[in-house]
Protein chains: 2
Amino acid sequence: MLQQNEKLPACPVEMTLMLMGDKWKVLIVRDLLTGTKRFGELKKSLNGISQKVLTQHLRIMEENGLVSRKVYAQIPPKVEYSLTDVGVSLKNVHDAMCQWGEQYKQQFGC
Amino acid sequence: MLQQNEKLPACPVEMTLMLMGDKWKVLIVRDLLTGTKRFGELKKSLNGISQKVLTQHLRIMEENGLVSRKVYAQIPPKVEYSLTDVGVSLKNVHDAMCQWGEQYKQQFGC
DNA sequence: CTGGATCCCAATTGATACTG
DNA sequence: CAGTATCAATTGGGATCCAG
């Protein structure tokens, strides 16, 4: 997984990749673009991710200021994740990927 | 690494991620967007990639129809890689990432 | 019962050496 | 020069344990 504390990127694309250059991060952003979600909801909608990896990604995205985490002190535990303003701004990148996929999906048997 | 012969993606974003959801693939597209390149040139400009991983990615992208590979039967060997039309169409996705990085780089200390 | 931390093991990645 | 083989290192999945 690509993390922030590696050497600084040389160009804007590498900058973005440092924060989003990962399959799961893009999908997390997609899911949170529709609104705040609990940990379990994310895990369910991100079909196939393990709790360990989901936790790791959310922590890094929180450190990077893309995601905010709200913990409710209650039983059973409840933790909500949402996008920060910077996180929401990634919608443009997500949409570009979405449009490309829409346009070319036939060519790949979808 | 995400490959094509996994289960079919459910939505357009996953479609794109199947083909491009990887740091190196984005950078390979970026480099080839400027024109045909030899294996060694790619390896040098993709700072830090190993031959093995570069070869693997190029093979998969070739299978997926994003990249075309031209081998010259000569010594020393010469292999040129370029983007197919579909590969070139990924420029939109690349550009979105590039624009985002340009806009937010200050916030991440670049 | 939920979020998540930890441990163990399989799978992937990466560095290096080597070949045609 | 482009690619393969080999081996070390890192990552990821799943089970289990734990706190609140």
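Protein chains get the first letters and strands the later ones, always in sequence-line order, with residue 1 at the start of each.
In this structure, CG of L54(A) is placed 11 Å from P of dA5(C), rounded to the nearest angstrom. Between Q74(B) atom CD and dG3(D) atom C1' there is a gap of 15 Å when expressed in whole angstrom units. Rounded to an integer number of Å, the gap from CG of L46(A) to P of dG3(C) is 13 Å. Counting to the nearest Å, the P atom of dT12(C) and the CG atom of D22(A) are 16 Å from each other. Put simply, CG on L58(A) is 11 Å from P on dG3(C), counting in whole angstrom units. One can place CD1 of I75(A) at 15 Å from P of dG4(C), the figure rounded to the nearest angstrom. One interatomic measurement links the two molecules: CD of Q56(A) to C1' of dA5(C), which rounds to 11 Å at whole-angstrom precision. Rounded to a whole Å, the CG atom of N47(A) is 14 Å from the C1' atom of dG13(D).
Taking 4.0 angstrom as the limit, R38(B) places none of its side-chain polar atoms (N or O) nearer than this to OP1 or OP2 of dC1(D). For R59(A) and dG4(C), the shortest distance from a side-chain N or O to OP1 or OP2 is below 4.0 Å.
Residues I60(B) and K25(B) are in side-chain contact: their nearest non-hydrogen atoms beyond the backbone lie under 4.5 Å apart. Contact check for D22(B) versus H57(B): side-chain heavy atoms found under the 4.5 Å cut-off. Between L58(B) and L42(B), the closest side-chain pair of non-hydrogen atoms falls below 4.5 Å.
For the ring-ring contact (aromatic ring centres under 6.0 Å, His included) condition, the pairs that include at least one residue of residues 72-100 of chain B, sequence neighbours left out, are W100(B)-Y104(B). Every pair passing salt bridge (charged side-chain N to carboxylate O under 4.0 Å, His left out) that includes a residue from residues 72-98 of chain B is listed here, sequence neighbours excluded: K78(B)-E80(B), K91(B)-D95(B). Sorted by first and then second residue, the salt bridge (charged side-chain N to carboxylate O under 4.0 Å, His left out) pairs with a member in residues 40-61 of chain A form an empty list; sequence neighbours excluded.
Contacts of Y81(B) with the nucleic acid, taken as non-hydrogen atoms under 4.0 Å apart, involve only primed sugar atoms and P, OP1 or OP2.
Closest approach to the T55(A) side chain among dA2(D), dT4(D), dA5(C) is made by dA5(C) (side chain taken as heavy atoms from C-beta onward).
Placement of V67(B) and V71(B) within a single hydrophobic cluster is found when ILVMFWY residues are connected by side-chain heavy-atom separations under 4.5 Å, directly or transitively.
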Taking only nitrogen or oxygen atoms into account, show me every contact under 3.5 Å that the protein makes with nucleotides 14-20 of chain C, one pair per line with its distance.
from	atom 1	to	atom 2	distance (Å)
dG14(C)	N7	K52(B)	NZ	3.1
dG14(C)	O6	K52(B)	NZ	2.3

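End-to-end axis angle of the helix from dC1(C)-dG20(D) to dG20(C)-dC1(D), from C1' rotation axes over five pairs per end: 30° (rounded to 10 degrees).
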Q: For S68(A) and S82(A), run side-chain hydrogen bond (donor to acceptor under 3.5 Å, both in side chains): C-alpha distance rounded to whole Å, both residues' side-chain angles, the deciding distance at 0.1 Å, then the answer.
A: CA-CA 5 Å; S68(A) 78; S82(A) 57; 3.1 Å; yes
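Here R30(B) pairs with E14(A) under the salt bridge (charged side-chain N to carboxylate O under 4.0 Å, His left out) rule; sequence neighbours left out.
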